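Shown below is the structure under consideration.
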Amino acid sequence: MTPKIKSPVLEKSDVTPWIERPVPGVAPRDYPQGPMSLHTEPTIECPECHSVVTRTAMAFNAYVCPQCDEHLRMKARDRLNWFFDQVECELGQEFTPKDPLGFVDSQPYPERLAKAQKQTNETEALLVMQGLVGAIPMVACAFEFDFMGGSMGSVVGDRFVLAAETAINLQQPLICFAASGGARMQEGMISLMQMARTAAATERLKQARLPYIVVLTHPVYGGVTASLAMLGDIHLAEPKAMVGFAGKRVIEQTVREVLDEPFQRAEFLLDHGVIDQIVHRHALKDTVQRLVAKLMNLP
């Protein structure tokens with residue numbers, strides 16, 4: 001018979017309790033400078049429903065909240081690039097703001113301009129482009145509200161007049177996306193003169209029998225409302241856009257009444273015959289294209 005081999009007897013001190021035994025698995029990586037940070041995509045919070053949406057998703061949706069359909073403000077360059085199917089050229093970049101009055105309040109006017117230019121990467125509050133929407137050539141301008149509230153100074157007037165003159169020379173319609181707080185008081189009477197200049201430019205478009213369509217976005221106030229924003233052949237507006245001359249609180253203090261919603265909203269203006277139609281941003285390009293084709297008798 002084969003003798004049985006006795007297994008070695010372990011001393012009690014040689015046995016490691018199970019609770020103290022290491023868990024098998026992949027050893028953690030040794031980071032010499034600490035764990036690597038995860039880079040997440042920038043997001044935008046909807047001011048209405050507070051949904052957090054990635055900036056890319058919002059841009060693809062034309063800055064309309066996919067959750068509640070709220071229309072967020074678009075930058076002027078983003079809006080024009082979205083509106084045109086093909087941009088031929090940008091106009092008016094040769095016009096740059098000056099400081100004709102040497103205006104100073106809490107800081108000098110040139111410093112305010114430099115700050116706005118750095119913040120927006122634009123030289124002024126109005127951008128003008130010429131290009132194709134579908135197969136129809138158009139001239140379009142858009143206000144950059146983040147540039148000093150989209151205020152209208154001398155350069156805004158210069159660029160709008162240039163847009164109108166280009167439209168007349170090329171026999172093309174002019175589309176204006178308005179978003180402004182009004183005239184720029186840092187330029188005094190010079191900014192107020194732009195109301196007359198832009199009004200005269202729209203009259204020349206009318207005499208040339210060329211369509212001038214205004215799209216009112218959020219918000220439009222002051223001297224812009226009193227001039228170029230209300231002189232179009234057709235006035236469209238985005239949902240819930242605030243449009244007026246004086247602000248709501250100023251009117252309430254004047255008439256000594258509380259003005260409830262939707263006072264000065266696009267829906268209120270439509271009910272009172274101030275604008276022609278409220279158009280969802282997703283349908284805006286097609287709507288403008290159809291209107292221009294109808295007004296200019298295009299196929």
Side-chain angles (χ1 to χ4, degrees), residues 44 46 48 53 55-91 126-145 160 163-164 166-167 170-179 202 205-206 209-220 228-243 265-267 269-271 273-299:
I44 298 176
C46 173
E48 183 67 20
V53 184
R55 188 174 294 275
T56 301
M58 195 70 83
F60 271 106
N61 205 40
Y63 290 91
V64 176
C65 178
Q67 302 298 326
C68 66
D69 217 35
E70 178 76 7
H71 285 49
L72 279 67
R73 185 180 297 132
M74 287 184 75
K75 291 185 175 297
R77 191 168 297 275
D78 291 342
R79 185 180 287 277
L80 291 180
N81 288 331
W82 161 81
F83 178 69
F84 283 112
D85 294 308
Q86 179 180 339
V87 176
E88 299 290 344
C89 62
E90 184 173 348
L91 306 171
L126 186 72
L127 271 68
V128 182
M129 294 184 185
Q130 189 272 332
L132 295 175
V133 179
I136 303 177
M138 301 185 191
V139 180
C141 56
F143 280 81
E144 176 55 72
F145 190 81
F160 184 86
T166 303
L170 299 178
Q171 289 295 289
Q172 297 177 6
L174 176 60
I175 316 300
C176 178
F177 295 93
T202 61
L205 282 167
K206 185 179 297 184
R209 302 181 68 82
L210 294 169
Y212 171 48
I213 298 176
V214 180
V215 181
L216 301 165
T217 69
H218 179 75
V220 188
L228 61 93
M230 284 299 169
L231 295 175
D233 299 306
I234 296 177
H235 296 92
L236 308 177
E238 291 186 339
K240 298 171 66 175
M242 293 288 288
V243 182
R265 295 280 183 188
E267 292 74 11
L269 300 181
L270 181 65
D271 291 341
V274 179
I275 62 176
D276 298 298
Q277 187 178 354
I278 297 174
V279 184
H280 193 284
R281 189 175 292 166
H282 290 166
L284 190 55
K285 184 191 296 188
D286 292 337
T287 300
V288 171
Q289 187 176 350
R290 286 187 290 103
L291 288 172
V292 169
K294 190 72 173 177
L295 292 171
M296 299 187 70
N297 198 23
L298 299 174

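The structure presented is a predicted model; accordingly, all values stated were derived computationally and were not measured.
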Do the non-hydrogen side-chain atoms of Ile136 and Met138 ever get within less than 4.5 Å of each other? yes

Apply side-chain contact (heavy atoms from CB on, under 4.5 Å) to Arg79 and Glu144, showing your working. CA-CA 10 Å; Arg79 185 180 287 277; Glu144 176 55 72; over 6 Å; no

Rounded to the nearest 0.5 Å, what separates atom CZ in Arg209 from atom CG in Asp233? 10.5 Å

State, to 0.1 Å, how close Ala163 and Val128 come at their nearest heavy-atom pair, and which atoms those are.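 Nearest heavy atoms, Ala163 then Val128: CB-CG1, 3.6 Å.
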
Can you name the nearest heavy-atom pair linking Val220 to Ala229, along with the distance? CG1-CB, 4.0 Å

Quick check: does any side chain N or O of Asp276 sit under 3.5 Å from a backbone N or O of Leu236, one acting as donor and the other as acceptor?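 Absent.
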
Under 3.5 Å, side chain of Gln130 to main-chain N/O of Val139, donor-acceptor pair present?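 Checked: no pair found.
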
Can you confirm whether Tyr212 sits close enough to Cys176 that some side-chain heavy atom of one is under 4.5 Å from a side-chain heavy atom of the other?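 They are in side-chain contact.
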
Evaluate side-chain contact (heavy atoms from CB on, under 4.5 Å) for Arg77 paired with Leu127, printing each intermediate quantity in order. CA-CA 7 Å; Arg77 191 168 297 275; Leu127 271 68; 3.4 Å; yes

Would you indicate whether the side-chain heavy atoms of Met129 and Cys141 approach each other to under 4.5 Å?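 Result no, sub-4.5 Å side-chain heavy-atom pair not found.
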
Find out whether Val214 and Phe177 are in side-chain contact, i.e. whether some heavy atom of one side chain is under 4.5 Å from a heavy atom of the other. no

Does the side chain of Phe160 come within less than 4.5 Å of Thr202's, by heavy atoms? yes

Please tell me if the side chains of Leu91 and Thr166 come closer than 4.5 Å, counting only heavy atoms from C-beta onward. yes

Return the CG to CD1 distance between Leu270 and Ile278, rounded to the nearest 0.5 Å. 4.5 Å

Give every donor-acceptor pair under 3.5 Å between a side-chain atom in residues 286-299 and any protein atom, sequence neighbours left out.
| unit_1 | atom_1 | unit_2 | atom_2 | d |
| --- | --- | --- | --- | --- |
| Thr287 | OG1 | Ala283 | O | 2.7 |

Does this structure show an ion pair linking Lys285 with Asp85, if we count only N-O contacts that are shorter than 4.0 Å?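 Looking at Asp85 together with Lys285, the answer is yes, because their closest N to O distance falls below 4.0 Å.
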
List for me each residue that meets side-chain contact (heavy atoms from CB on, under 4.5 Å) alongside Ala57, sequence neighbours excluded, and say none if there are none.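 Partners of Ala57 by the side-chain contact (heavy atoms from CB on, under 4.5 Å) criterion, ordered by chain and then number, come out as Val53, Thr54.
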
Please report the closest heavy-atom contact between Leu174 and Ala167, naming both atoms and the distance.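 Heavy atoms of Leu174 and Ala167 come nearest at CB-CB, 4.3 Å.
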
Would you give me the side-chain donor-acceptor pairs under 3.5 Å for residues 64-74, sequence neighbours excluded?
| unit_1 | atom_1 | unit_2 | atom_2 | d |
| --- | --- | --- | --- | --- |
| Asp69 | OD1 | His280 | NE2 | 3.0 |
| Asp69 | OD2 | His280 | NE2 | 3.0 |
| Glu70 | OE1 | Lys240 | NZ | 3.0 |
| His71 | ND1 | Asp69 | O | 3.2 |
| His71 | NE2 | Arg281 | N | 3.1 |

Any side-chain heavy atom of Tyr63 sitting closer than 4.5 Å to one from Ile44?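 Touching, per the 4.5 Å side-chain cut-off.
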
Looking only at atom types and distance, does a side-chain atom of His282 sit under 3.5 Å from a main-chain N or O of Asn61, one as donor and one as acceptor? yes

Please evaluate residues Val133 and Gln86 with respect to the criterion side-chain contact (heavy atoms from CB on, under 4.5 Å), reporting the C-alpha separation (whole Å), side-chain torsions for both, the decisive distance (0.1 Å), and the verdict. CA-CA 7 Å; Val133 179; Gln86 179 180 339; over 6 Å; no

Would Leu284 and Val215 count as a side-chain contact (heavy atoms from CB on, under 4.5 Å) if you check the C-alpha gap in whole Å, the side-chain angles of each, and the deciding distance to 0.1 Å? CA-CA 9 Å; Leu284 190 55; Val215 181; 3.7 Å; yes

Give me the atom names and distance for the closest heavy-atom approach of Gly131 to Phe84. N-CE2, 3.4 Å

Minimum side-chain heavy-atom gap Phe83-Ile175 below 4.5 Å: yes

